[in-house]
Q: 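First the structure, which I've put down as structure tokens, then a few questions once you've had a look.
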Amino acid sequence: MPQKIAAGNWKMNAPDLGEVDALARQHPDPGVTLLLCPPATLLAALSERLSDMKIQTGGQDCHTASSGAHTGDVSAAMLKAAGASHVILGHSERRADHGESDALVRQKAEAALEASLTPILCLGETLEQRDSGQTLDVIETQLAGSLPKTDAPLIIAYEPVWAIGTGRTPTPGQIEEVHALLRDRSPADTPLLYGGSVKGSNAAEIFAIANVDGALVGGASLTAEAFSPIVSALEASV
Ligand code: PEP
């Protein structure tokens with residue numbers, strides 16, 4: 001059985017770290033893997049704050065190299081040293097803002113694995129691609145291009161670009177179709193997360209879909225009030 005995971009992506013936001021204490025109080029012994037991915041500047045402080053709690057931390061990106069002349073970048077080894085266990089890679093905002101290709105994402109995933117971090121590989125189609133019937137082809141191409149050539153454990157997140165931060169979500173059937181493809185094409189037991197406007201009100205329905213093993217959550221991961229019901233819905237689905 002793949003692990004069940006509720007992962008929060010804080011993006012370039014710095015919520016009050018007291019929110020994390022509230023979340024930990026509400027889920028002192030979560031029946032699922034709980035993970036928060038803050039901006040790199042907060043990673044060490046958050047990891048330290050969570051060291052006695054059952055919430056893990058992750059980065060939002062890493063460089064392909066372990067060190068060197070790469071101004072502004074952070075290596076996987078540095079994330080690991082700051083307490084991270086995971087790193088989000090290939091998020092559509094990085095693909096759009098920084099022109100990241102599937103090949104680069106694969107190299108980053110290999111660097112993450114080398115540093116003993118678990119990559120969370122993000123894939124997803126644009127609205128234009130969905131509307132023109134290309135979704136499965138796009139997902140298959142992204143997966144083939146960005147999945148590292150190793151059996152090392154990783155996590156895949158299906159995040160339709162048009163569902164991120166928009167309040168729109170695909171139908172359960174649309175999510176199920178993509179997750180069936182991902183299950184078929186990825187190593188056995190790979191946790192498959194759905195991401196894109198997950199909230200307390202739609203989480204249970206999403207977690208009931210075949211081959212959905214959890215969620216990657218943006219906006220709703222910034223407060224305990226919004227994230228806790230999602231975690232509870234995932235716990236209830238186990
Ligand atoms: C994300 O950016 O990974 C995401 C899923 O964002 P949101 O939950 O805000 O749609």
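Read the numbers this way: they start at 1 and go in the same order the structure lists the ligands and their atoms.
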Q: Looking at Arg95 and Glu100, does any basic side-chain N land under 4.0 Å from a carboxylate oxygen?
A: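 Judged by the 4.0 Å cut-off on N to carboxylate O distance, Arg95 and Glu100 do not form a salt bridge.
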Q: Are Leu117 and His86 packed together at the side-chain level, in the sense that at least one heavy-atom pair is separated by less than 4.5 angstrom?
A: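 Leu117 does not reach His86 side chain to side chain.
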Q: Test: salt bridge (Lys or Arg N to Asp or Glu O under 4.0 Å). Region: residues 40-54. Which pairs qualify, not counting sequence neighbours?
A: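 Every pair satisfying salt bridge (Lys or Arg N to Asp or Glu O under 4.0 Å) with a residue in residues 40-54: Asp21-Arg49, Asp29-Lys54.
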Q: In this structure, would Ile88 and Ile139 fall into the same cluster of hydrophobic residues linked by side-chain contacts under 4.5 Å?
A: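 No, it is not one cluster - the side chains of Ile88 and Ile139 are not joined through contacts under 4.5 Å.
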Q: Compile the protein residues with any heavy atom at a distance under 4.0 Å from an atom of ligand 1; present them by chain, then by number.
A: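 Shell around ligand 1 (4.0 Å, heavy atoms): Asn9, Lys11, His91, Glu159, Ala163, Ile164, Gly165, Gly195, Gly196, Ser197, Leu216, Val217, Gly218, Gly219.
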Q: According to salt bridge (Lys or Arg N to Asp or Glu O under 4.0 Å), does anything in residues 76-86 pair up with another residue at least two apart or in another chain? List the pairs.
A: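 The answer is none; no pair qualifies.
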Q: Check side-chain hydrogen bond (donor to acceptor under 3.5 Å, both in side chains) between Lys4 and all other residues, then give those that pass, not counting sequence neighbours.
A: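 Checked Lys4 against side-chain hydrogen bond (donor to acceptor under 3.5 Å, both in side chains); zero matches.
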